[in-house]
Each structure stands twice: as C-alpha cells, then as structure tokens.
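Scroll down for the structure; my scribbles are underneath it.
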2 protein chains.
Amino acid sequence: MASHEQGPERKRRARAQEGDSRRKHTINDVARMAGVSKKTVSRVINASPFVKEETRKAVLDIIRETGYTPDPQARGLAFRRSFLVGLIYDNPNPQHTVSHQLGILDALKGTGFELLVRPVDRTSPKLLDDVRVFVERQKLYGVVLPSPVSENEDLVALLKELGCRYVRIASVPMDDAACMVVSHDGKGAADAARHLADLGHTRIALISGPPTFRSSVERRRGFESGLAERGLSLDPALVKQGAYTYESGINAAGELFALENRPTAIFCLNDEMASGAYLAAREHGLRIPQDVSIVGFDDAPIAARLWPALTSVRLPLRDMGRMAGEMLVPDPLREVQADAHEVQPQLIVRESTATAG
Amino acid sequence: MASHEQGPERKRRARAQEGDSRRKHTINDVARMAGVSKKTVSRVINASPFVKEETRKAVLDIIRETGYTPDPQARGLAFRRSFLVGLIYDNPNPQHTVSHQLGILDALKGTGFELLVRPVDRTSPKLLDDVRVFVERQKLYGVVLPSPVSENEDLVALLKELGCRYVRIASVPMDDAACMVVSHDGKGAADAARHLADLGHTRIALISGPPTFRSSVERRRGFESGLAERGLSLDPALVKQGAYTYESGINAAGELFALENRPTAIFCLNDEMASGAYLAAREHGLRIPQDVSIVGFDDAPIAARLWPALTSVRLPLRDMGRMAGEMLVPDPLREVQADAHEVQPQLIVRESTATAG
DNA sequence: CGTGGTTATGATACCGGTGTCATATGGTCC
DNA sequence: GGACCATATGACACCGGTATCATAACCACG
C-alpha cells in the first residue's frame with residue numbers, strides 16, 4: 001500500500017473562533033437554522049415522504065439560502081456506496097472514448113454523480129482483479145462498459161457478483177435489455193451494402209475486423225444481409241480479414257487489388273482500415289471512386305479529411321453515452337426515459353462511392 | 001438539488017450474524033487481529049514515525065494477510081479532502097484528452113488516487129462557478145489543466161483561492177514552474193522552420209491559429225525565430241489567420257494559393273488546418289510536395305493517414321499527462337521526480353515536404 | 001375522554017477513518 | 001532512586017452524513 005504523507009498528526013488550525021462565515025455549511029448548520037434535527041434535513045434531502053409539507057418548505061428555504069449541498073463522502077460513507085460512476089474502457093479510438101464520456105456526463109449533469117475513468121487492457125490476466133479492486137474500493141454506484149470491454153462475460157459476471165450496476169454499450173443485444181445500449185451496427189452495415197448495390201456494384205469486397213470483436217461479426221452479418229436484400233452474396237474470395245488497423249487495411253486491400261478480377265467496391269469494417277485501403281488504391285494506380293468505391297465504418301474525424309472524403313457509417317456515440325448514463329443513474333427530474341435503449345447508425349454518403357465502372 | 005431516491009429508511013439486512021467472512025475488512029478488524037488500537041493501525045497506514053518497528057511489522061503482516069485497504073471515503077471525510085484528481089478540459093481534439101488521461105493515470109497507478117473528468121466550455125460565463133462547485137463538493141486533491149483551459153488566469157486564481165493544487169499543461173511557462181508542464185511548442189515550430197528552410201524554401205507561408213490561444217502565439221513565435229536562424233523572415237502577405245479548424249485551413253490555404261506569387265511551403269499551426277490545406281491544394285491543382293510542401297502540428301492520427309503522409313510536430317501528450325500526475329500526487333515509492341517539467345516536441349518528417357521546386 | 005393507528009420528529013448509534021490529548025514505557029543523567 | 005525527556009500507544013471525540021427506534025402529535029372512533 002502506498003502511504004501518502006499527508007502530514008499526519010499535525011495540529012488543526014484554529015478556525016471556529018475567527019469569522020468562519022466562509023466555511024462550508026453542513027447538515028448541522030442547516031438543521032440549526034431551520035430549527036429541526038439533522039435527521040429531518042436528511043429526510044428532506046432524500047425525498048422522504050414522512051416530512052410535513054411545511055417543514056420541508058422551511059428546510060428547502062434554508063438549503064437554498066445557504067447553498068448547502070451534502071458532502072458526497074459523508075453521504076457515501078453512511079450509504080456504503082459512492083456517488084461515482086466508472087467508465088471502464090479499452091478502445092484505441094480516442095473519439096469513441098471522449099464521445100462516450102461527454103454523453104455520460106450529459107446524463108450525470110445535475111444528479112450529483114461524477115465520472116471516474118479507468119482505461120484497461122482487456123488482454124491482461126489481472127483485468128478482473130483490477131476491476132474488482134476498483135469497484136470495491138471506490139464503492140462505485142455503477143459502471144459503463146463500452147465495447148469491446150462490454151463483450152467480456154467474465155467481467156460482467158464479476159460485476160453481478162459484486163452487486164455493481166452496469167450498462168453495456170454494444171453493437172448487438174447480449175443481456176437483459178435494461179442493462180444495454182445497443183447500436184445495431186448490423187443495420188448500418190446493411191445500409192452500406194444497399195448503397196453499394198444500388199450504385200450497381202456486384203463485385204463487392206469486405207475487409208473484416210478481428211472475429212473476436214462482436215462489432216466485426218455484427219457488421220459483417222449486417223452487410224451480408226443487406227447484400228442479400230439486393231440479390232447479391234459475398235464472394236468468399238473477396239473477403240479479407242483485417243485487424244481494425246491502418247496497416248491491416250493496406251495489406252488486405254492490397255491483396256484484393258492484386259486479384260485478377262478485382263472488386264469494384266470495398267466495405268471496410270472501420271475507417272482505419274478504409275484509410276489503409278486508400279493508400280493501397282494509390283499504390284495500385286486505382287482512383288477512388290472511379291475505379292473502386294470504398295465505404296468505411298465509424299465516421300471518425302479522419303473520414304471527412306481523407307480525399308476523396310470517405311463514405312462511412314456514423315454511430316451516435318455521444319447519445320449512446322448519454323443513454324448509458326441515464327439508464328445507470330436515476331434522475332427524478334428527468335422524464336421517464338423511454339425504454340428505447342437502441343440507436344440507429346447513419347450512413348454518411350461522401351465522395352468515395354460512385355456508380356460501378 | 002436532485003434527490004436520489006436511494007430507498008431511505010429501509011431496514012438494514014442482518015449481516016453480522018451469518019458468515020460475514022466475505023465482508024470487507026475495516027481498520028477495526030485489522031486492529032483487533034493485530035492486537036493494537038485502530039489509531040496505531042492508522043499510524044502505520046500513514047507512515048507515522050512514532051510506531052515501534054516491531055508493531056509496524058505486525059500490523060503490516062495483518063494488512064497483507066487480509067488484503068485490507070482503507071476506505072477512501074472515510075479517510076477523505078476525516079482528512080477533509082478526497083483522493084480524487086480532476087481533469088478539467090476543453091479541447092476539441094479527442095486525442096489530446098485521451099492521451100492526457102492515460103498519462104495522468106500512469107502516474108496515479110498504485111497511489112490510491114483516481115481521476116475525475118470534467119469537460120467544460122471555456123467560454124461559458126458559468127465556468128468559474130462550475131469549477132468552484134466541482135472542486136469544493138468533491139474536495140479535490142488537485143486538478144490538471146491542459147491548454148487552453150490552463151491559460152485562463154481567472155480559473156487559476158480561483159484554484160489558488162480554494163487552496164486546490166493544480167498543474168497546468170501549456171506550451172510556454174506562465175507561472176511557478178512547480179505547477180506547470182511545459183511543451184515548448186515554439187521549439188517544435190522552429191524545427192519545422194529550419195526543416196523547410198534547409199529544403200531550400202524561401203517563400204514560406206504560415207496559417208496561424210486564433211491569437212487567443214497561447215499555443216498559436218508560441219508556435220508562430222518559434223517559427224519566426226527558426227526562420228531567422230536561417231536568415232529568413234516571415235512575409236506578412238504570406239500569413240493567414242485560421243481558427244484551428246479544417247474549414248479555416250481550406251480557406252486560408254485557398255487564399256495563399258490564389259496569390260500571384262504563391263508560397264512553395266506552408267506551415268499550418270495544427271493538423272486540422274493542414275488537412276484543409278491538402279484539400280485546397282487539390283482544388284488548385286497543386287501537388288504535394290512537388291508544388292507545395294506542407295507541415296502541420298500535433299501529429300494527430302490523421303497526419304499519417306493523409307496522402308501524402310503529413311510532416312508534423314509531435315507532442316509527447318501521454319508523457320505530459322504523466323508528468324502532470326506525478327507533480328500533483330506525491331508517491332513515496334517514486335524516485336524524486338526530476339524537476340524537469342518540460343518536454344520537447346519532435347518533428348516527424350513524412351512525405352509532405354520536399355526540396356523547393 | 002381514553003384507545004389505537006397513522007404521521008412526523010428527534011436522540012442516539014453508526015459508517016470507517018483521523019486528530020487530540022493523556023498516559024505508559026524506557027533510557028539517561030545526576 | 002527520582003527527575004526528566006523522547007518514544008509509543010490508546011481512549012475518545014470528531015468528520016458529515018444515514019439507520020434505528022422511541023416517542024410526540026394528530027386524528028377518528030366508540
């Protein structure tokens with residue numbers, strides 16, 4: 001254990017004697033000023049129904065006057081839990097992380113809850129131990145798990161064991177719907193498939209992600225179903241497995257472009273790989289979109305900056321974070337949140353797709 | 001105030017009677033098992049010098065056996081502060097935010113401190129009030145302020161008034177050095193200037209950022225000094241002001257390319273604007289780097305994905321976060337951190353720069 | 001007017017730590 | 001051996017909230 005050298009045993013400075021008007025008010029101050037006991041103030045704070053309306057008003061007045069807010073640490077100590085929500089993530093895409101954070105904090109605003117971030121290594125053997133210590137020590141109110149962490153069933157089992165609330169953000173339903181925000185990546189992929197088919201493409205390639213990612217599986221499944229709707233099917237020779245990285249996109253697309261009968265369109269399961277496909281296309285002297293159409297997934301910042309701008313599937317990341325936060329933390333001021341814990345991906349058509357040559 | 005409906009006044013479940021082996025240990029358990037008072041355990045935890053070596057060992061043994069860790073809430077309540085560090089940021093670049101977070105958490109690992117994130121709107125009139133409430137309610141141990149928030153002197157003054165530790169991350173020294181991590185953006189910009197000058201460029205343009213950002217001022221200053229070292233100076237006609245955005249980069253570069261005697265090289269004060277310059281170059285039929293060299297700043301993920309890959313100045317963002325965390329939180333296990341709270345930018349030369357045509 | 005059943009309130013203990021202060025212990029010096 | 005001092009320890013109050021339980025206040029009813 002690390003000890004913290006907080007200058008133990010030091011004398012407490014005199015404080016009460018001089019004008020302590022600047023000192024923060026406590027529940028005792030409010031109680032005294034309102035002429036009630038602290039327990040009654042506590043009842044008002046916690047919206048207990050057993051407080052006379054008149055008393056409640058008086059206490060609330062004092063609270064407003066003094067600007068009193070309860071100390072989350074003291075409250076947490078008594079409640080045996082904290083007012084902290086954890087975000088446990090392992091996503092190399094900074095935009096996902098930041099967007100989720102912004103969304104979660106949108107939901108937490110005004111509730112008194114705060115957000116603790118905890119990046120993890122999902123391949124670490126210590127992952128479960130780390131999460132256990134994190135949740136127990138901080139007595140977390142709940143945690144948000146974006147993918148791919150949300151796909152770790154052992155971790156979810158651990159959270160259940162610890163009695164820690166959680167909301168999973170994932171591409172496909174995997175659990176009690178009350179604990180999930182579902183992005184339906186498959187629908188976005190199907191949109192991409194129809195878009196390419198409608199442009200007249202028939203030799204359409206796919207660069208997939210690691211099969212251990214549910215998003216990859218789901219995007220591929222959706223893409224195939226979209227093609228099927230247009231009477232097309234995926235030619236196994238035109239499917240290359242990538243790793244969601246730039247380099248893997250370069251390699252996979254390079255292989256596709258080296259085929260005798262090369263595809264006229266490629267769907268890359270994320271934008272990083274699509275960027276790699278751009279480079280490979282240049283290396284093979286192929287123009288986008290005249291010679292080959294390319295579609296990505298994520299609508300990362302890079303998508304609009306590439307040239308030509310990349311057609312991609314956008315996920316409402318911030319909304320997803322907000323929904324997760326709303327599901328986790330009850331806010332009496334909020335309207336009953338619709339149980340629609342699902343969002344729809346959106347195909348953003350830019351300049352990287354055109355009619356088949 | 002939002003009330004939280006935590007089921008007040010509910011009966012506590014019987015617990016102590018049945019096998020409470022699973023219950024977390026408290027300082028009382030440790031004290032009893034070690035045969036000392038809780039105060040002595042507290043002394044051991046806080047590395048008090050007034051504990052007999054023998055007693056200390058005995059207590060530490062029990063602590064190790066039981067896996068006891070003190071409750072941060074209870075400790076914080078008694079200490080009148082928390083073991084939480086805040087990250088107050090307003091940076092549209094998600095990579096900055098995530099890298100800083102990772103770095104700060106590198107430093108916090110093993111110290112028992114946790115990181116609370118707080119995105120803010122630096123233009124909001126409620127900014128100071130929000131920060132005050134945030135710091136006071138959470139009794140933050142300290143906060144990290146990346147730029148541009150770090151440049152808000154009112155906010156820094158507020159933190160001083162509140163007695164809240166802070167570390168500023170900024171491009172140039174602005175304060176007591178003990179409270180700053182300095183990235184010396186100017187040096188990186190000077191590197192860029194020399195690089196272009198050494199390639200034979202003389203008509204070198206600059207697309208600046210908003211003058212309200214210290215980073216913009218500092219990068220420009222460094223660039224000019226780098227040029228001066230090579231006997232060059234910035235032609236006012238070749239300086240355009242941007243806003244650190246893609247669109248502003250397109251416009252500024254477009255104006256430069258429309259000049260009769262257009263520049264052969266452009267230094268853009270961030271990569272977003274450099275991306276815009278890429279688009280403008282294409283619109284004007286100019287090849288990069290044959291017709292115009294372009295240098296960016298930030299080495300954002302996009303830099304390596306653009307075509308041709310963008311020469312840019314990289315800041316060690318994660319290191320900067322780590323240093324900020326180390327400065328904020330004392331860790332007895334850590335070696336005395338060098339008082340070198342400065343980092344050096346690094347010019348990453350890629351394919352967007354070549355000898356002057 | 002006493003009885004009984006709500007409704008409303010407060011006294012007190014408690015959550016799990018630390019600060020204060022009193023006291024016990026051990027060694028040195030005369 | 002007694003005075004003195006530094007070291008080592010514990011009893012107790014306290015940090016700012018909530019849970020438990022007793023009790024007061026109120027009402028309707030016989």
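The basis for the numbers below is simple: all heavy atoms, side chains too, and nothing from hydrogens, waters or symmetry mates. Naming convention: chains lettered A, B, ... in sequence-line order (proteins, then strands); numbering from 1 in each chain.
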For residues 98-107 of chain A, which side-chain N or O atoms pair as donor and acceptor with protein atoms under 3.5 Å away, sequence neighbours left out?
residue: A:S99; atom: OG; partner: A:Q95; partner atom: O; Å: 2.8
residue: A:H100; atom: ND1; partner: A:H96; partner atom: O; Å: 3.2
residue: A:Q101; atom: OE1; partner: B:Q101; partner atom: NE2; Å: 2.9
residue: A:Q101; atom: NE2; partner: B:Q101; partner atom: OE1; Å: 2.9
residue: A:D106; atom: OD1; partner: A:R318; partner atom: NH2; Å: 3.0
residue: A:D106; atom: OD2; partner: A:R318; partner atom: NE; Å: 2.8
residue: A:D106; atom: OD2; partner: A:R318; partner atom: NH2; Å: 3.2

Under-3.5 Å donor-acceptor pair between B:R43 side chain and D:dG10 base: yes

A:I27 CD1 to D:dC14 P, in whole Å, measures 18 Å

Against the side chain of A:V36, the closest entry in C:dA8, C:dG10, D:dG17 is C:dG10

Quick note, A:P70 side chain, CB onward, closest among C:dG16, D:dA8, D:dG17 is D:dG17

Bend of the helix from C:dC1-D:dG30 to C:dC30-D:dG1 from end-axis comparison, five pairs per end, nearest 10°, comes to 60°

Next on the checklist: For a quick check, tell me whether the side chain of A:K38 and the base of D:dG16 share a donor-acceptor pair closer than 3.5 Å.
Outcome noted: no

Margin query: I'd like to know if B:R80 reaches the base of C:dG19 with its side chain, counting only an N/O donor and acceptor under 3.5 Å.
Written below: no

Contacts of A:K57 meeting side chain to side chain contact (heavy atoms under 4.5 Å, CB included) (sequence neighbours excluded), chain-then-number -> A:E53

Exercise. Give a yes or no on whether the backbone of B:I169 and the side-chain of B:S150 come within a donor-acceptor separation of less than 3.5 Å.
Key: yes

Contacts of B:T55 and A:S42 projected onto DNA chain D by closest heavy atom; the upstream (5') one is B:T55

inquiry  = For a quick check under 3.5 Å, do A:R168 and A:N152 share a side-chain donor-acceptor pair by atom type?
reply    = no

query = Under the 6.0 Å and 45° cation-pi test, does B:R81 pair with B:F83?
reply = yes

note: B:D71, atom CG; C:dG16, atom P; distance rounded to Å ~ 7 Å

query: Between the base of D:dA11 and the side chain of B:K39, is there any donor-acceptor pair under 3.5 Å?
result: no

Rounded to whole Å, the NE2-C1' distance (A:H25 to D:dC15) equals 17 Å

Across all chains, not counting sequence neighbours, the side chain to side chain contact (heavy atoms under 4.5 Å, CB included) partners of B:R165 are B:Y141, B:L328

Comparing nearest nucleotides in DNA chain C, the 5'-proximal residue of the pair B:L77, A:T40 is A:T40

Contact under 4.0 Å: B:N46 side-chain N or O vs C:dT18 OP1/OP2
yes

Separation of C:dT7 atom P from A:E54 atom CD, nearest Å, is 18 Å

A:D61 meets the side chain to side chain contact (heavy atoms under 4.5 Å, CB included) criterion, sequence neighbours left out, with A:R64

D:dG10 phosphate, OP1 or OP2: any side-chain N/O from B:S37 under 4.0 angstrom?
yes

Rounded to whole Å, the CG-C1' distance (A:D29 to D:dC15) equals 13 Å

- Message: So, does A:R75 get its side chain near the phosphate of D:dG16, meaning an N or O under 4.0 Å from OP1 or OP2?
- Response: no

In whole angstroms, the gap separating C1' of D:dT18 from CD1 of A:I45 amounts to 10 Å

Rounded to whole Å, CZ of B:F79 lies from C1' of C:dG16 at a distance of 13 Å

Residues passing the side chain to side chain contact (heavy atoms under 4.5 Å, CB included) test with A:K109, sequence neighbours excluded, are none

Ranking C:dT9, C:dT18, D:dG16 by distance to the side chain of A:F50, first place goes to C:dT9

Here the distance between atom P of D:dC14 and atom CG of A:N28, to the nearest Å, is 11 Å

Testing D:dT9, D:dC15, D:dA19 for proximity to the side chain of B:A78, the answer is D:dC15

